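Comments concern the structure below.
For the numbers below, each heavy atom of this structure counts, side chains included, while hydrogens, waters and symmetry mates do not. Small disclaimer: the values here were computed from a predicted structure and weren't measured.
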Amino acid sequence: MRFKSNILGQQEPLILIETGDCYNQNSPFVEEKIIIKNDGIEEITIHNQFTEEILIMDIKMFFATEQSIHHEMIGESIVMNFICSNNLETHIDQVESDSFSTENTHNILYASKLKATYKIPALEEINCLSIILSPDFYSKLINEDWALHKKFSKNINQKKTGYLTPKYAPFNSGIQWIIHEIKNCTYEGSMKKMYLEAKIKELLIFQLDSLIEKPQTKEQIGEEEMSKLLKAKLILEENFTNAPSLSELSRLISLNEFKLKKGFKACFKTTIKSYVTQLRMEYAKDLFKNEASNVGEVAYKCGYKDVSHFSAAFKFFYGFTPASFRKINLSAKIYLLYWDFFDILYLDFLSVDFCFV
């Protein structure tokens, strides 16, 4: 496989990696870190780990103006894609899919001679993790069980570029945790190879479990029970900073705990705990964007008594710490104020010129 990535309009590639096509058990992972800073707040951070038939890319980008990134890959590949941030416009040759990505979603792509363009919006941190595998190595991971996903397998056999499913699926807690483990791997040499390959297989299991449609017996939820579950959801939305316990919520809606847990997951595709965390994290993000609050104050406002617990939850949910997110937003605001100031000067200059005409 040969992978190349560059910013449109620039000849120097951001990434240029070539790996072998045959798996070598003794071939170690090579690590490569690329950090490019420009104009104070613009930054590109790329962490590549690769060996024969495997390439792991963790890419973070932040630009002052909109940019387009072009990816090109020679050779067949299976791409396990994880979008850790939203507002990424994507175009892949010969593939029909949603143009805009959604935060914390994933999919699997088969590509033959991949050509893709990504539009990176201004003043937003973009973070994507891609694990690129040769079809041969992917075959080993799924134990050569191509019946596992018949349509996707057919695309691979016909060398037809396409996704496993038309839409990206949301992360579950298992996917989020393994991504965290891969990004923070501290092993070296053969131990690193064993660890990363095991984590890739574990991550693939979670992906296939959430992407492959399984025959399900429809959960029969009566009208009265549905009304109580909707009430539970509303209570959580109104009190997520001081959320009631499961037993308290059960009493408030007059539904036993077992039916509450099972029914909530069936109706809203998430657990009660995960939903409360989601509400808190979204609120925290808004507070960092709109207020000059420090991390401790935001943690308290979101219902956390321990700042370290809040920081760990925030990093687990978004992929970066509250402090780094706050710093990025502060830098972005300063940058915008800087240009607003020069816009005002420019308008004043025009008005003065006009007076002399």
Side-chain angles (χ1 to χ4, degrees), residues 82-87 101-107 127 165 167-180 203 206-207 209-211 213-214 216-290 293 295 298-322 325:
F82 303 90
I83 308 297
C84 303
S85 55
N86 59 357
N87 294 334
S101 63
T102 304
E103 191 171 28
N104 292 335
T105 57
H106 67 101
N107 208 338
N127 182 207
T165 60
K167 292 185 177 293
Y168 274 62
F171 287 178
N172 57 36
S173 56
I175 286 174
Q176 285 180 312
W177 181 246
I178 298 169
I179 287 174
H180 170 79
L203 190 54
F206 278 110
Q207 273 201 286
D209 182 59
S210 63
L211 290 170
E213 289 186 14
K214 298 174 283 292
Q216 293 179 342
T217 53
K218 257 199 169 180
E219 199 75 38
Q220 295 298 318
I221 298 175
E223 191 176 327
E224 185 182 352
E225 189 174 327
M226 175 60 79
S227 175
K228 290 178 179 180
L229 291 168
L230 289 168
K231 184 181 177 183
K233 187 170 181 280
L234 183 62
I235 289 169
L236 294 176
E237 287 168 355
E238 292 175 348
N239 303 278
F240 63 87
T241 58
N242 187 26
S245 66
L246 183 66
S247 58
E248 288 170 340
L249 188 59
S250 173
R251 285 197 298 273
L252 286 169
I253 64 169
S254 302
L255 188 67
N256 71 58
E257 291 182 27
F258 176 77
K259 285 188 175 182
L260 171 58
K261 284 174 67 178
K262 191 176 179 183
F264 196 94
K265 179 73 183 289
C267 286
F268 309 118
K269 310 302 179 189
T270 186
T271 64
I272 292 169
K273 184 179 179 181
S274 294
Y275 189 58
V276 170
T277 301
Q278 178 189 329
L279 292 170
R280 287 178 170 184
M281 293 302 106
E282 288 170 353
Y283 182 50
K285 199 172 182 180
D286 288 339
L287 287 174
F288 282 130
K289 282 183 176 180
N290 301 322
S293 305
V295 175
V298 171
Y300 177 75
K301 288 177 181 178
C302 290
Y304 288 88
K305 294 177 182 177
D306 190 319
V307 177
S308 63
H309 290 169
F310 166 73
S311 296
F314 192 94
K315 189 172 190 298
F316 185 76
F317 195 85
Y318 289 116
F320 42 86
T321 65
F325 180 80

To the nearest 0.5 Å, how far apart are [atom1] in [X] and [atom2] in [Y]?
X: Gln278; Y: Leu236; atom1: CD; atom2: CG; answer: 11.5 Å
X: Leu279; Y: Thr277; atom1: CG; atom2: OG1; answer: 9.0 Å
X: Phe171; Y: Gln176; atom1: CZ; atom2: CD; answer: 7.0 Å
X: Glu238; Y: Lys233; atom1: CD; atom2: NZ; answer: 11.5 Å
X: Asn172; Y: Asn104; atom1: CG; atom2: CG; answer: 11.0 Å
X: Leu203; Y: Ile178; atom1: CG; atom2: CD1; answer: 5.0 Å

Pair Arg251 + Glu257, salt bridge at N-O below 4.0 Å: no
Does [X] use its side chain to pair, donor to acceptor, with the backbone of [Y] at less than 3.5 Å?
X: Ser85; Y: Asn127; value: yes
X: Lys261; Y: Thr271; value: no
X: Ser227; Y: Glu223; value: no

Should [X] and [Y] count as side-chain neighbours, where that means a heavy-atom distance under 4.5 Å?
X: Pro322; Y: Val298; answer: no
X: Lys285; Y: Met281; answer: no
X: Cys84; Y: Glu103; answer: no
X: Leu260; Y: Ile272; answer: yes
X: Lys259; Y: Asn256; answer: yes
X: Phe314; Y: Phe288; answer: yes
X: Phe206; Y: His106; answer: no
X: Pro170; Y: Thr270; answer: no

Can you give me the closest heavy-atom contact between [X] and [Y], atom names plus distance?
X: Pro244; Y: Glu248; answer: CA-OE1, 3.3 Å
X: Lys315; Y: Thr321; answer: CD-CG2, 3.7 Å
X: Arg280; Y: Asn242; answer: NH2-N, 4.4 Å
X: Thr102; Y: Thr105; answer: O-OG1, 2.6 Å

With Glu282 via salt bridge (charged side-chain N to carboxylate O under 4.0 Å, His left out) - residues at least two apart: none
Could you give me the CA-CA distance, side-chain angles and deciding distance for Lys301 and Thr241, then say whether side chain to side chain contact (heavy atoms under 4.5 Å, CB included) is met? CA-CA 7 Å; Lys301 288 177 181 178; Thr241 58; over 6 Å; no
Within 45 degrees of the axis of the six-membered ring of Tyr300 and under 6.0 Å from its centre: does Lys305 put its NZ or CZ there? no
For residues 228-252, the ring pair (Phe, Tyr, Trp, His ring centres under 6.0 Å) pairs (sequence neighbours left out) are Phe240-Tyr283
Set out, in order, the CA-CA distance, both residues' side-chain angles and the distance that settles side chain to side chain contact (heavy atoms under 4.5 Å, CB included) for Phe268 and Tyr275, then state yes or no. CA-CA 9 Å; Phe268 309 118; Tyr275 189 58; over 6 Å; no
Just wondering, are more than 12 heavy atoms of other shown residues or ligands nearer than 6.0 Å to CD in Glu224? no
